[in-house]
Undergrad: 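Next up is a structure, given as structure tokens.
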Amino acid sequence: MSAAPYDIARVRGDFPILSRQVNGRPLAYLDSAASTQRPRAVLAAVEHYETHVHANVHRGVHTLSQLATDAFEAARERVRRYLNAASTHEIIFVRGATEAINLVAQSWGRMSLKTGDEIVISSLEHHANIVPWQMACEATGAKLVVAPINERGELQFEAYVALLGPRTRLVAMTHVSNALGTVLPVAQIIAAARERGIPTLIDGAQAVAHEAVDVQALGCDFYAFSSHKLYGPTGLGVLYGREALLEKMPPWQGGGDMIRTVSFEKSTWNDLPYKFEAGTPHISGAVGLAAAMDYVESLGLAQIAAHERSLLAQATESLSAIPGIRLHGTAAHKAGVLSFTLAGVHPHDLGTILDHEGVAIRAGHHCAMPLMELLGLPATARASFGCYSNAQDVIQLTEAVHKAREVFG
Ligand code: PLP
């Protein structure tokens, strides 16, 4: 949206938490793939809602309930625009990407899967896009089929296409790998599935904050993401689903809001999207997410992506120059994620030493244990960037890794 030059100092000024110190050092927050920080605009929108507007939605005739409902439904329309979905009926508020995928696995999966059916995922998936399918497979007799990656951490596209067969019922793949940063060619992945009449689910948890997503242009059937990785509040996420498919799917949770009528004998279901939103939703979260989307678009997704690419290049160069460092995931098309190991130092120890230096990174299996096993690694250290990350963060990271080398000699 914005074509203004990327003013990183101004962007950092929008995030109050970045001015705090950690362990007596300036904070270098390099864990945005786990959760992003929130700009003032999001904090203010949530505070305004909680202070002046809050009541329960959809049920009240009183003024505050109507205002809260308006705010919640305006947030849904904001999300629709962000994803360029055709209708707000296709935007379902859930707790996060994890719940979005579980919704599809439970509702669509139990409706559609039979013994011998196949669901194709990739080796790069987060547990959130593995385990719900395993549970659906267990319940229905379907099985998971895993598309391979190459040594750079890229999907082997031809091998993926070769897996699509008469038993394939769904392709469920990540847009961006949280562990390696690989950006998958989702448009081609979806097109190959659609040519064969196979529906697709894209796990966009790591993508929505880094590139513009147009679900109609992509042609996917489902797209899932979490607000807290998009500069919004925790405890909220979105499932986009194609209306025609959502119409056919049964509800997966019962309770208030998702019903039209209830008697002790039988209940009937509400219209979309409410059929999939049982109980009181995270209203202030939705308000905050809408503000986060305004914020991100005011910076410009293309500008954010270009900024993060330059930091990735800087970090790749400076870390590669450290003896004993190995980078994991060297795909040609990567988002702002750098996974690495340092010879002789366990990633958890590395994470602890970096924390002493004020550098926040993640160490572990990144909820991608099958991928780590494939790479022959128990864990990696992972630095990840957001719109507010800067060159100084990368310098502080590099110096802290040098220090870790000295400590472990
Ligand atoms: N998918 C990917 C690729 C992720 O990186 C994550 C979180 O790290 C998730 C799904 C799950 O997100 P959440 O825990 O917000 O539901």
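For the single chain, residues carry numbers from 1 onward in sequence order. Quick caveat, the model's predicted, so the values are computed rather than measured. Counting starts at 1 for both ligands and their atoms, following the listed order. When reading the values below, keep in mind they use all heavy atoms of this one structure, side chains included, and skip hydrogens, waters and symmetry mates.
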Undergrad: Would a line drawn from the ring center of Phe93 to the ring center of His282 be shorter than 6.0 Å?
TA: no
Undergrad: Please write down residue, atom name and distance for the protein heavy atom closest to atom 5 (O) of ligand 1.
TA: Gln206 NE2, 2.7 Å
Undergrad: Using the side chain to side chain contact (heavy atoms under 4.5 Å, CB included) definition, which of the options Leu311, Val394, Leu327, Thr330 pairs with Thr316?
TA: Leu327
Undergrad: For atom 13 (P) of ligand 1, which candidate among Gly237, Gly235, Ser226, Ala100 provides the closest heavy atom?
TA: Ser226
Undergrad: What do the steps show when you test His366 against His127 for ring pair (Phe, Tyr, Trp, His ring centres under 6.0 Å), and what is the final call?
TA: CA-CA 9 Å; His366 315 299; His127 295 164; over 10 Å; no
Undergrad: For atom 7 (C) of ligand 1, which of Arg95, His228, Lys229 has the closest heavy atom?
TA: Lys229
Undergrad: Below 4.0 angstrom from a heavy atom of Ala205, which ligand 1 atoms are there? Numbered from 1 as shown, please.
TA: 1 (N), 2 (C), 4 (C), 6 (C), 9 (C), 10 (C)
Undergrad: In sequence, state the C-alpha distance, the side-chain angles, and the governing distance for Thr380 and His328, and then conclude on side-chain hydrogen bond (donor to acceptor under 3.5 Å, both in side chains).
TA: CA-CA 8 Å; Thr380 71; His328 304 282; over 6 Å; no
Undergrad: Which ligand 1 atoms, with their elements, are less than 4.0 angstrom from a heavy-atom of Thr174?
TA: 3 (C)
Undergrad: Any idea which of Asn178, Val337, Asp203 brings a heavy atom closest to atom 2 (C) of ligand 1?
TA: Asp203
Undergrad: Check if Asn129 has a non-hydrogen atom at a distance under 4.0 Å from any atom of ligand 1.
TA: no
Undergrad: Measure Thr98 to ligand 1 on non-hydrogen atoms and call it side chain, backbone, both or neither using the 4.0 Å cut-off.
TA: both
Undergrad: Under a 4.0 Å heavy-atom limit, does Glu125 contact ligand 1 with its side chain, its backbone, both, or neither?
TA: neither
Undergrad: Which heavy atom of the protein is the closest neighbour of atom 4 (C) of ligand 1, given with residue, atom name and distance?
TA: His126 CD2, 3.3 Å
Undergrad: Please identify each residue that fulfils side-chain contact (heavy atoms from CB on, under 4.5 Å) with His210, with sequence neighbours left out.
TA: Glu308
Undergrad: With heavy-atom distances below 4.5 Å as the criterion, would you say the side chains of Tyr240 and Phe225 are in contact?
TA: no
Undergrad: So do Tyr295 and Arg38 actually touch side chain to side chain, heavy atoms under 4.5 Å?
TA: no
